Amino acid sequence: MHCVRCQFFQDICSQLENDFRKSLETEVTDDHEEDAIRPLPWYPGNLAWHLNFSRMQLRRNQALESFHEFLKRENEVGNITRQEAVSMVPPLFLNVQPDHHILDMCAAPGSKTFQLLEMIHQSTKPGLLPNALVVANDVDVQRCNLLIHQTKRMCTANLIVTNHEAQNFPGCNLAKFCSKMCMDEAKVQRLEFDRVLCDVPCSGDGTVRKAPDMWRKWNAGMGNGLHHLQVEIAMRGMSLLKVGGRMVYSTCSMNPVENEGVVAEILRRCGDSVELLDVSNELPELARRPGLSTWKVRDRGSWFGVHEDVPRYRKHVISASMFPSGKGSKDSGTGSSSVEVNTDVADADMKDSTDMGEGEQETTVTIDDSNNGDNLKTEEGTKVDCESGEVTTSSSYKKLNSTSIRTEHSDYPLHRCMRIVPHDQNSGAFFIAVLHKLSPLNENQVVDGVRIDQNISKDKTEKLEKDLVSHKASSEENTVHQQVIDNANVLDGEQNRDRDNKSSEDKSSEDSKVNVNEAAKGQAGTRDRRRQQNQGRWRGVDPVIFFKDEVTVKSIVSFYGITDSFPLEGHLVTRNPDTSHVKRIYYVSKSVQDVLELNIKIGERLKITSLGLKIFERQSSKEGSPCTFRLSSEGLPLLLPYITKQILYASAIDFQHLLQYRTIKFPDFVDAKFGEEASALLPGCCVVVLREGHQDIGSIATDPSAIAIVCWKGKTNLCVMVSPLDGKELLERISLRHGLKIPKGDKEKPSQEIAGSDELLDCATEVDDQESLPESKASDIEISDAKEAE
């Protein structure tokens with residue numbers, strides 16, 4: 001469990017330390033653990049805590065009910081994040097600074113991305129944004145939705161979520177798309193990253209403690225099948241890394257083929273351009289073991305210590321890069337020299353696949369990877385069917401042992417890698433390697449490596465990944481191929497619509513009713529064509545549009561009295577190309593703005609699914625308001641120090657009553673002066689700030705611990721515009737901090753509908769905004785009970 005540095009950080013830590021830690025001691029059932037909950041000694045600032053309870057215990061033990069509710073509530077509002085302890089480790093070795101550009105290549109479900117965002121924000125003051133940027137990428141659209149939901153709780157303007165294959169993450173280099181004459185030296189010319197987190201898809205055998213069912217589906221072929229994909233992703237991350245930058249490669253597997261084998265291959269390809277860092281002096285309290293320098297590779301029931309011992313008909317599946325030295329035999333390719341066929345290996349493979357039960361799946365997957373559609377033949381007439389695994393050989397062939405007795409040692413300092421094993425500190429298993437880029441990569445080596453990996457069928461790799469049960473299991477797609485299909489579909493769609501529109505015009509004289517319907521369809525078709533032109537190459541994803549409606553912006557600035565020191569020009573974006581019907585406006589940091597401008601110049605190569613911080617929302621009411629946009633609760637902390645109008649300061653008791661009853665008439669406030677000030681406001685959105693004690697009003701807005709909520713000022717009352725969940729959590733926090741009691745009969749009121757309001761608010765959602773989950777669906781996701789992948 002990771003505690004987020006929020007305005008209630010101290011309160012939550014105090015509650016964990018003083019309340020739950022003592023009250024839950026009697027519920028501990030583990031003989032090896034004395035504390036029910038305890039801070040992790042290796043995590044900086046006591047921000048991470050270890051819970052000595054399983055999910056089943058939390059759900060079924062009545063004594064833990066209040067603690068379970070606390071976890072779910074605080075997780076949902078973003079004050080804590082629940083995840084496996086070891087999955088918190090990789091971001092810590094990135095050594096993130098507030099001005100870094102960071103790429104999380106395989107980001108879903110988003111726990112590590114959340115950590116990265118917190119790191120870049122922890123040193124900034126209220127109302128200020130860091131110069132840093134986090135790009136969180138994932139190949140699966142559905143997992144991107146989960147990623148968006150997770151990171152949405154951070155309320156950041158420094159995040160971009162993309163949907164690409166990690167190994168094919170687009171390079172955004174302006175020099176390749178326009179001449180030097182049209183390039184602005186003051187603008188970003190190329191998208192590169194100071195830090196890259198490469199937490200790749202893996203076989204997931206390190207998660208067996210929390211997911212014992214893994215053993216029923218795991219087999220050694222999984223790691224072999226993923227090796228080339230992992231190398232491709234890591235090499236792509238290294239090419240996107242700036243010189244002097246740091247990349248962390250990690251898996252939740254203990255298989256050296258997925259770990260040290262990949263790291264060694266990266267070092268081989270990159271040569272002197274990359275070094276493997278020794279980080280043994282970082283996080284000294286973290287128990288770890290050195291990486292391996294020698295290992296064997298298992299394939300279909302046999303172990304091989306050197307690539308030369310691998311049968312020829314398996315050499316294009318079990319590649320040389322999987323072994324410590326990375327050296328292959330001269331006949332490992334498609335050469336015509338003779339080769340000894342290990343019939344014992346083939347026989348053992350077939351026997352092993354029958355006896356092992358789940359090994360049958362291993363054999364099937366591995367054979368699928370190896371099948372290239374042809375049968376390999378030796379010079380002496382021995383025939384190997386790569387699909388069936390059957391081997392026919394003459395008696396003149398020499399038999400080999402089913403297990404290779406030769407081994408080799410890697411010359412690279414792989415002991416600098418880290419292996420975290422469960423029994424060292426009661427955690428899951430993880431592999432971590434930290435790489436440092438010393439100079440630009442040799443493009444020839446990168447291209448050669450990619451060409452070698454392309455010999456492995458990408459379709460087979462995709463099939464293997466879909467069968468995995470791991471924290472990074474996802475379906476892979478071919479980006480280049482998909483782009484061609486998408487562009488063709490767009491063109492075909494436009495041609496079809498043009499023909500439909502023409503047909504509708506020809507039939508318009510037949511019937512007036514049909515004419516009206518066809519006209520409506522024609523307008524819809526025009527809107528569709530306009531949207532497809534705006535969205536560019538990415539079909540089904542709304543474009544990112546800079547919001548430049550000066551009339552609307554001026555009305556917002558005037559209504560809320562936003563000071564000139566808060567930059568708005570170039571920082572407002574929307575996902576609706578029709579600016580007259582925009583329902584949500586998002587705010588982006590300067591770093592995100594630069595990337596967006598670069599992306600537009602190079603033809604929108606980045607497929608952006610979400611970005612920025614929702615700051616304004618269109619709001620209509622029966623009585624009307626001078627401003628058609630209200631403030632968003634997510635963007636309020638950023639904007640609060642710059643608001644000079646439509647702002648009220650309430651006492652603790654009145655603030656509590658607002659959260660309890662959600663709608664209060666002006667004469668009913670305890671502080672009569674506050675009620676008068678509220679009634680004097682212009683109708684529409686306003687901000688209510690909690691005034692604690694005799695605090696100076698002028699300093700409240702700039703206080704990082706200031707508590708404020710968005711409200712709506714009606715004709716006779718004040719109405720809270722905070723979600724029931726957020727309102728309930730905020731109410732309990734304030735009550736604990738100020739020692740206020742919540743009447744039992746009122747505890748459930750925040751979840752009820754607002755009654756007695758004289759305003760009819762239209763809170764319609766914007767259906768064409770696909771960069772975030774719909775409000776109704778997002779609220780239905782219970783992260784605490786969802787299956788964690790990390």
Side-chain angles (χ1 to χ4, degrees), residues 6-12 14-15 18-19 69-70 73-74 77 79 126 631 633 636-637 640-641 643 645-759:
C6 59
Q7 58 188 172
F8 298 116
F9 167 68
Q10 295 296 339
D11 295 341
I12 293 174
S14 176
Q15 197 170 357
N18 301 323
D19 297 340
E69 291 300 320
F70 163 82
R73 182 177 64 251
E74 300 300 334
V77 299
N79 290 338
L631 300 172
S633 296
L636 181 59
L640 182 60
I643 296 177
K645 298 179 182 178
Q646 295 294 105
I647 187 167
L648 299 169
Y649 298 90
S651 63
I653 187 65
D654 280 330
F655 201 90
Q656 181 195 29
H657 286 171
L658 268 173
L659 293 173
Q660 276 182 255
Y661 306 113
R662 299 188 64 88
T663 302
I664 300 180
K665 294 186 177 181
F666 302 134
D668 294 338
F669 285 105
V670 175
D671 186 354
K673 184 179 179 181
F674 176 80
E676 294 173 0
E677 293 175 349
S679 63
L681 292 178
L682 293 174
C685 184
C686 64
V687 178
V688 177
V689 183
L690 174 62
R691 186 180 73 247
E692 304 187 48
H694 300 285
Q695 191 176 9
D696 180 23
I697 292 179
S699 63
I700 293 178
T702 57
D703 185 352
S705 61
I707 301 172
I709 56 175
V710 177
C711 295
W712 187 270
K713 188 264 179 180
K715 186 184 298 184
T716 62
N717 57 25
L718 203 61
C719 174
V720 173
M721 303 191 74
V722 179
S723 70
L725 181 64
D726 289 341
K728 185 176 182 179
E729 194 274 340
L730 189 57
L731 178 62
E732 294 188 6
R733 287 278 155 228
I734 293 173
S735 301
L736 288 173
R737 179 180 291 187
H738 296 275
L740 302 175
K741 293 184 178 180
I742 308 175
K744 292 183 179 180
D746 296 325
K747 282 189 176 181
E748 299 302 323
K749 286 207 172 186
S751 62
Q752 297 174 358
E753 294 184 359
I754 300 173
S757 174
D758 59 345
E759 295 296 312

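Side-chain atoms are counted along with the backbone in the values below, which use heavy atoms only and exclude waters and symmetry mates. Note that the structure is a prediction, hence the values are computed from the model and not measured.
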Return the [atom1] to [atom2] distance between [X] and [Y], rounded to the nearest 0.5 Å.
{"X": "Leu730", "Y": "Leu725", "atom1": "CG", "atom2": "CG", "value": "11.0 Å"}
{"X": "Arg662", "Y": "Leu731", "atom1": "CZ", "atom2": "CG", "value": "10.5 Å"}
{"X": "Asp668", "Y": "Thr716", "atom1": "CG", "atom2": "OG1", "value": "9.5 Å"}

Minimum side-chain heavy-atom gap [X]-[Y] below 4.5 Å:
{"X": "Glu729", "Y": "Val722", "value": "no"}
{"X": "Pro683", "Y": "Lys715", "value": "no"}
{"X": "Val720", "Y": "Thr663", "value": "no"}

One pair to check against side chain to side chain contact (heavy atoms under 4.5 Å, CB included): Phe70 and Asn79. What are the steps and the verdict? CA-CA 11 Å; Phe70 163 82; Asn79 290 338; over 6 Å; no
Any idea which heavy atoms bring [X] and [Y] closest together, and the distance?
{"X": "Ser633", "Y": "Met721", "result": "OG-O, 3.6 Å"}
{"X": "Ala650", "Y": "Val688", "result": "CB-CG1, 3.7 Å"}
{"X": "Val689", "Y": "Phe655", "result": "C-CE1, 4.0 Å"}
{"X": "Tyr649", "Y": "Phe674", "result": "O-CD1, 3.5 Å"}
{"X": "Asp654", "Y": "Val670", "result": "OD1-N, 2.8 Å"}

Any sub-3.5 Å donor-acceptor pair from [X]'s side-chain atoms to [Y]'s backbone N or O?
{"X": "Lys713", "Y": "Ser679", "result": "yes"}
{"X": "Gln646", "Y": "Leu682", "result": "yes"}
{"X": "Glu677", "Y": "Leu648", "result": "no"}

Could you check Ser651 against Arg691 for side chain to side chain contact (heavy atoms under 4.5 Å, CB included), going step by step and ending with a plain yes or no? CA-CA 5 Å; Ser651 63; Arg691 186 180 73 247; 4.2 Å; yes
When Cys686 is tested against each of Val710, Ile709, Ile647, Leu718 for side-chain contact (heavy atoms from CB on, under 4.5 Å), which residue passes? Leu718
Which is it for Asn717 and Trp712 under the side chain to side chain contact (heavy atoms under 4.5 Å, CB included) test, yes or no, and what are the steps along the way? CA-CA 8 Å; Asn717 57 25; Trp712 187 270; over 6 Å; no
